[in-house]
Amino acid sequence: MATLNFGGVDENVVTREEFPVEKAREVLKDETIAIIGYGVQGPGQSLNLRDNGFNVIVGQRSPSASWDKAVADGWVPGETLFSIEEAAEKGTIIQYLLSDAAQIAVWPTLKKYLTPGKALYFSHGFGITYKERTGIVPPKDVDVILVAPKGSGTSLRRLFVEGRGLNSSIAIFQDATGKAFERVVALGIGVGSGYLFETTFKREVYSDLTGERGTLMGAIQGLFAAQYDLLRKRGHTPSEAFNETVEEATQSLYPLIAENGMDWMYANCSTTAQRGALDWWKKFRDATAPVFAELYDSVASGNEAQLSIDSNSKEDYRAKLEEELRELRESEMWTTGRTVRGLRPENK
């Protein structure tokens with residue numbers, strides 16, 4: 001593990017150069033990795049581990065769409081694809097990759113299979129950090145570890161196939177065997193991480209919930225909608241409003257930021273754009289800072305967790321979710337977006 005300096009702060013980081021996949025396979029050569037759940041993170045992590053040469057099985061409810069997807073991805077019922085209970089029994093490392101709400105529901109079943117020496121693996125700190133609300137309290141004689149890829153399971157898989165990697169945070173909540181660190185690093189490398197950086201379960205979930213509600217999804221949709229609506233009200237066409245709000249950002253500018261940083265992107269745009277961006281970014285920061293403070297406080301208090309638990313546990317959750325997504329999908333901005341995406345050269 002190397003200590004790197006980020007903005008004057010030292011952080012511990014593990015790279016694939018110092019901990020290659022061959023070493024990870026050696027660490028886990030006697031382990032059976034049971035992936036519980038085949039929804040958001042399950043496919044990407046399990047397929048990457050399988051392609052990297054680890055002993056992996058999948059546990060999923062049947063019949064279900066996720067079971068069918070696992071079969072389509074090459075998992076064989078009775079050989080590498082089992083019920084949740086059978087996979088949990090066979091696994092020495094149990095990757096608990098169900099949704100937060102499903103983790104709560106399945107926990108009374110799963111915990112019976114957490115025998116001494118096993119490892120319980122999460123990709124989100126929710127269940128452990130809010131254990132008073134979730135009821136997820138692991139036994140003291142198992143390792144409890146976390147590898148949290150900084151992106152969706154789809155991105156994790158796509159970048160792996162391209163020979164790249166998605167950065168992940170790692171954390172140890174409980175080291176019962178003395179092997180938790182080697183286990184978590186080997187798993188992080190195995191699932192295809194670009195590099196691993198240390199955190200805690202609490203820091204991971206606080207930053208994750210803030211990010212999802214903030215610049216990753218919630219805030220960005222809010223900014224897109226505010227600018228698009230303004231342009232439309234001022235007489236601009238849907239296509240012009242969408243291209244200036246979303247298309248140029250996602251297809252041109254954001255990739256440049258990812259590759260080279262914001263300063264490079266500013267330096268390589270027109271002088272008019274430079275001046276305007278430099279004059280206005282602090283106004284947007286100052287305007288949104290109180291909203292982010294309110295958001296973080298809501299996360300830290302457990303309010304966001306409770307809202308998620310209460311909402312996601314209701315029988316009509318899926319129906320209500322689809323209605324909210326339909327509102328987004330059928331809004332003028334995103335119907336315009338579908339047309340614009342269809343006009344991209346690669347889609348014609």
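Worth saying up front: this structure is predicted, and the values here are computed from it rather than measured. Along the sequence shown, the residues carry numbers beginning at 1. These values consider heavy atoms only, across backbone and side chains, with no hydrogens, waters or symmetry-generated copies.
- Note on residues 101-113: no pairs pass side-chain hydrogen bond (donor to acceptor under 3.5 Å, both in side chains), not counting sequence neighbours.
- Atom CZ of Arg318 has 12 or fewer heavy atoms from other residues, nucleotides or ligands within 6.0 Å.
- With 3.5 Å as the limit, one finds no donor-acceptor pair spanning the side chains of Thr199 and Ser169.
- The neighbour count for Glu22 CD, taken as heavy atoms of other residues, nucleotides or ligands under 6.0 Å away, is above 12.
- Counting heavy atoms from C-beta outward, Phe6 and Phe197 have side chains that stay 4.5 Å or more apart.
- Here the side chain of Tyr206 pairs a donor or acceptor atom with the backbone of Ala300 at under 3.5 angstrom.
- There is no side-chain donor-acceptor pair under 3.5 Å between Asp100 and Tyr130.
- Tyr296 has its ring centre no less than 6.0 Å from the ring centre of Phe292.
- Counting only heavy atoms from C-beta outward, the side chains of Lys23 and Val185 never approach each other to under 4.5 Å.
- Here the side chain of Asn12 pairs no donor or acceptor atom with the backbone of Glu198 at under 3.5 angstrom.
- Judged as a side-chain hydrogen bond (donor to acceptor under 3.5 Å, both in side chains), the pairs with a partner in residues 276-289 (not counting sequence neighbours) are, in order, Arg275-Asp279.
- Side-chain contact of Thr245 with Gln227: a donor-acceptor pair under 3.5 Å is present, judged by distance alone.
- At least one donor-acceptor pair under 3.5 Å links the side chain of Glu18 to the backbone N or O of Thr15.
- Both Leu295 and Leu209 are members of a single hydrophobic cluster when ILVMFWY side chains are connected at heavy-atom separations under 4.5 Å.
- Between Glu89 and Lys118 there is no salt bridge, since no side-chain nitrogen of the basic residue lies less than 4.0 Å from a carboxylate oxygen of the acidic one.
- Counted within 6.0 Å of CD on Glu259, heavy atoms from surrounding residues, nucleotides or ligands total more than 12; the atom is thus considered enclosed.
- Residue-environment remark: NZ (Lys202) stays at or below the threshold of 12 foreign heavy atoms within 6.0 Å.
- Put simply, the side chain of Phe54 reaches to within 4.5 Å of the side chain of Val21, judged on heavy atoms.
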